[in-house]
Engineer: 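Below are the structure tokens for one structure; questions will follow.
The chains referred to below are lettered A, B, ... by the order of the sequence lines, with proteins before strands, and numbering in each begins at 1.
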Amino acid sequence: MRQKLLEIFERLLRNYGPRHWWPAQGPFEVIVGAILTQNTAWTNVEKAIGNLQAVGALSPRVLAGLPAAELERLVQPSGYFRQKARRLQSFARNLLERHDGSLERLFAGSLTEVRGELLALHGIGPETADSILLYAAHFPTFVIDAYTMRIFSRLGIVDDRQKYEEVRHLFLSHLPPDAPLFNEYHALIVEHGKTCCRKREPFCGACILSDICLLYSRRPQ
DNA sequence: CTCCTGTGCC
DNA sequence: GGCACTGGAG
């Protein structure tokens with residue numbers, strides 16, 4: 001399984017090249033983006049982050065102090081704006097109360113400890129937590145998202161009925177705990193899911209993984 | 001399972 | 001007009 005997962009990674013990397021993730025100025029902006037991009041296209045998130053940037057709200061203290069209605073207006077382009085405004089302030093206020101606003105302090109514990117603390121926060125589920133752990137704190141954790149489930153269930157490597165933690169464990173148990181590897185792997189999965197392994201009408205004919213794909217072998221050509 | 005919500009592409 | 005978008009809570 002290790003060789004298979006590494007082979008897929010190598011093929012994706014050769015085909016798409018390094019993705020240079022996460023597109024952000026710093027760790028706090030990564031976290032804001034991770035919350036805003038929940039079930040939302042990144043192009044919409046960029047607008048919301050631009051709005052926050054423009055009023056200097058990309059810091060825990062400023063974000064926590066904004067009136068709710070003001071923050072809702074700023075993040076509106078990313079959708080679910082009431083939920084997301086609440087989730088952002090919830091995160092910022094927790095960070096201020098428990099770690100004096102310092103991400104370095106939040107990230108000071110072990111992967112397991114910090115992950116547990118993130119998951120306890122309102123609005124941070126396993127995918128958002130792993131995105132923060134990997135792309136803001138550089139912990140070697142694997143992000144499982146809708147693209148990962150789709151691509152690897154089509155490949156026949158995971159079952160789409162499997163739970164998040166189970167699929168995450170598959171990657172973590174078969175790959176070395178290498179944060180740069182996990183960073184690039186997930187970014188490549190997203191690129192492949194967006195451009196080739198689409199939900200409807202995937203481009204199997206042009207796919208670099210079709211020769212090892214269960215979906216392709218079952219498709220009527 | 002349903003709700004949450006704006007944006008953009010086929 | 002329908003659908004997908006780097007999900008999570010109730």
Engineer: Mark yes or no for whether A:Asn183, through its side chain, and A:Ala179, through its backbone, hold a donor-acceptor pair below 3.5 Å.
Structural biologist: no

Engineer: Using a 4.0 Å heavy-atom cut-off across all strands, classify A:Leu119 as base, sugar-phosphate, or nothing.
Structural biologist: nothing

Engineer: On DNA chain C, compare the nucleotides closest to A:Ala41 and A:Gly123; which residue's is nearer the 5' end?
Structural biologist: A:Ala41

Engineer: Considering only NZ, NE, NH1 and NH2 on the basic side and carboxylate oxygens on the acidic side, decide whether A:Arg73 and A:Glu70 come within less than 4.0 Å.
Structural biologist: yes

Engineer: Any base atoms under 4.0 Å from A:Ile124, or only sugar-phosphate, or nothing? Heavy atoms, all strands.
Structural biologist: sugar-phosphate

Engineer: Do other residues, nucleotides or ligands put more than 12 heavy atoms under 6.0 Å from the NE2 atom of A:His174?
Structural biologist: yes

Engineer: Would A:Arg150 and A:Asp160 pass as an ion pair if we require N to O under 4.0 Å?
Structural biologist: no

Engineer: A:Phe91 versus A:Leu63: any side-chain heavy-atom pair under 4.5 Å?
Structural biologist: no

Engineer: Provide the distance between the two P atoms, one in C:dA9 and one in B:dT7, to the nearest whole Å.
Structural biologist: 24 Å

Engineer: Heavy atoms of chain A, cut-off under 4.0 Å: which first and last nucleotide of DNA chain B, 5' to 3', fall inside that, if you could look?
Structural biologist: B:dC4 to B:dG8

Engineer: Can you classify the ring geometry of A:Phe152 versus A:Phe171 as parallel (below 30°), tilted (30 to 60°) or perpendicular (above 60°)?
Structural biologist: perpendicular

Engineer: Can you check the A:Leu36 CG to C:dC5 P distance for me, whole Å?
Structural biologist: 18 Å

Engineer: For DNA chain B, whose closest nucleotide is more 5', that of A:Arg198 or that of A:Asn44?
Structural biologist: A:Asn44

Engineer: Taking OP1 and OP2 of C:dT6, is either one under 4.0 Å from a side-chain nitrogen or oxygen of A:Arg19?
Structural biologist: no

Engineer: So A:Leu118 and A:Thr128, do their side chains get closer than 4.5 Å, heavy atoms only?
Structural biologist: no

Engineer: Between atom CG in A:Leu118 and atom P in C:dG8, what is the gap in whole Å?
Structural biologist: 12 Å

Engineer: Starting at CG of A:Leu133 and ending at C1' of C:dT6, how long is that distance when rounded to a whole Å?
Structural biologist: 16 Å

Engineer: Regarding A:Gln76, tell me which of base, sugar-phosphate or nothing describes its non-hydrogen contacts under 4.0 Å with the strands shown.
Structural biologist: sugar-phosphate

Engineer: Taking the P atom of each, how far is B:dC4 from C:dT6, in whole Å?
Structural biologist: 22 Å

Engineer: If you look at every strand shown and take non-hydrogen atoms under 4.0 Å, does A:Arg86 touch a base, only sugar-phosphate, or nothing?
Structural biologist: nothing

Engineer: Let's see if you can work this out: which of C:dT6, C:dG7, C:dG8 has an atom nearest to the side-chain heavy atoms of A:Tyr80?
Structural biologist: C:dG7

Engineer: May I ask you to decide if the ring planes of A:Phe182 and A:Phe142 are parallel, tilted or perpendicular, using 30° and 60° as cut-offs?
Structural biologist: perpendicular

Engineer: Which residue lies toward the 5' end of DNA chain B, A:Ser78 or A:Arg200, if each is placed at its nearest nucleotide?
Structural biologist: A:Ser78

Engineer: What does A:Lys194 touch in the nucleic acid at a heavy-atom separation under 4.0 angstrom: a base, only the sugar-phosphate, or nothing?
Structural biologist: base

Engineer: Rounded to whole angstrom units, what separation is found between the CZ atom of A:Arg168 and the C1' atom of C:dG7?
Structural biologist: 17 Å

Engineer: Rounded to whole Å, how long is the line connecting atom CD1 of A:Ile35 with atom C1' of C:dT6?
Structural biologist: 14 Å

Engineer: May I have the distance from A:Glu46 (atom CD) to C:dC5 (atom P), rounded to whole angstrom?
Structural biologist: 17 Å

Engineer: Examine C:dG8: is either OP1 or OP2 under 4.0 Å from a nitrogen or oxygen in the side chain of A:Thr128? Give yes or no.
Structural biologist: yes

Engineer: Rounding to an integer number of Å, can you tell me how far A:Tyr135 OH sits from C:dT6 C1'?
Structural biologist: 9 Å

Engineer: Over all strands shown, is A:Phe81 touching base, sugar-phosphate only, or nothing at heavy-atom distances under 4.0 angstrom?
Structural biologist: sugar-phosphate

Engineer: Atom CG of A:Leu121 to atom C1' of C:dG8: distance rounded to whole Å?
Structural biologist: 13 Å

Engineer: Which is true for A:Gly125 with a 4.0 Å heavy-atom rule: it touches a base, it touches only sugar-phosphate, or it touches nothing?
Structural biologist: sugar-phosphate

